[in-house]
Structures are given as C-alpha cells and as structure tokens.
Engineer: 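One structure follows; several queries about it will come next.
In what follows, residues are counted from 1 in the order of the sequence shown.
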Amino acid sequence: LESFREYAFLGCRSLERITIPLKDGLITEDNIFQGCDNLKHIDLVDRELLQETIAALHLEEWRNDMNAAVNSINHFLPDVYPGIVYI
C-alpha cells in the first residue's frame, strides 16, 4: 500500500475500525473517510509490526478450520443444490 486516494472509503458506513501502517505520504488527503459515519477508531501501527502481526495470524490454520466446518455442513446437507427451491 503506497497511499490512499481521495475519498478512498467514501460512504463506507459499515467501517467502524481500521488499522493503518505508519508511513510518510500514506495519507495525503483529509477526505478519505468522508461519509464513514460509524468510524470510531483508526489504529496507526508500525509497518514492520503490522507485517509481523499478519504473519502471526496463521491464516492457513484458519482456512483449514473453515474447510472442516463447511465439510461438516455439507455432510448434513448432501442433496441440497444451489438455485433449486425445495417445497
């Protein structure tokens, strides 16, 4: 991420919190959060710390857990097909 453009999050009412790495020139406009009425927190963090935190999340493990949950659901609903209405 090099910078935010003007109105980057314009009208994003569901945005409540965002974490942004500290970097010179990343935010150059004062209107990037215009219309973000529910934005309450902007966390500014050291760039390297943010990268370490993301790496520590172990997304592969999360992905495996999600696949197991989906497979479990599919086990209970083996004959349900998308787009078909069952009456």
Engineer: When you group the ILVMFWY residues by side-chain heavy-atom contacts below 4.5 Å and let the links chain together, are Leu39 and Leu10 in the same group?
Structural biologist: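 No, separate clusters.
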
Engineer: If every non-hydrogen atom of Leu15 is compared with every non-hydrogen atom of Cys36, which pair is closest and at what distance?
Structural biologist: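 Scanning both residues completely, I find the closest heavy atoms to be CD2-SG, 4.4 Å.
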
Engineer: For the residue pair Leu22 and Asp46, what are the closest heavy atoms and their distance?
Structural biologist: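 Heavy atoms of Leu22 and Asp46 come nearest at CD1-N, 4.3 Å.
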
Engineer: Is the closest side-chain heavy-atom distance between Ile42 and Ile20 below 4.5 Å?
Structural biologist: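 A side-chain contact exists here, since the closest heavy-atom pair is under 4.5 Å.
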
Engineer: Ignoring hydrogens, what is the shortest heavy-atom contact between Ser3 and Gly25? Give both atom names and the distance.
Structural biologist: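 Shortest heavy-atom contact: CB-O, 3.6 Å.
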
Engineer: So which pairs with a foot in residues 24-38 pass salt bridge (charged side-chain N to carboxylate O under 4.0 Å, His left out), sequence neighbours left out?
Structural biologist: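 Counting only pairs at least two positions apart or across chains, the salt bridge (charged side-chain N to carboxylate O under 4.0 Å, His left out) contacts touching residues 24-38 are Arg13-Asp37.
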
Engineer: By the ring pair (Phe, Tyr, Trp, His ring centres under 6.0 Å) test, which pairs, at least two apart or in different chains, include something from residues 5-31?
Structural biologist: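 Qualifying pairs: Phe4-Phe9, Phe9-Phe33.
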
Engineer: How would you list, by chain and number, every residue that makes a side-chain contact (heavy atoms from CB on, under 4.5 Å) with Arg5, sequence neighbours excluded?
Structural biologist: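 Listed in chain order: nothing, the list is empty.
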
Engineer: Can you name the side chain to side chain donor-acceptor pair (under 3.5 Å) partners of Asp43, sequence neighbours left out?
Structural biologist: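 Side chain to side chain donor-acceptor pair (under 3.5 Å) list for Asp43, sorted by chain: Arg17.
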
Engineer: Nearest 0.5 Å, please: how far is SG in Cys12 from CD1 in Ile18?
Structural biologist: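 Rounded to the nearest 0.5 Å, the CD1-SG separation comes to 8.5 Å.
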
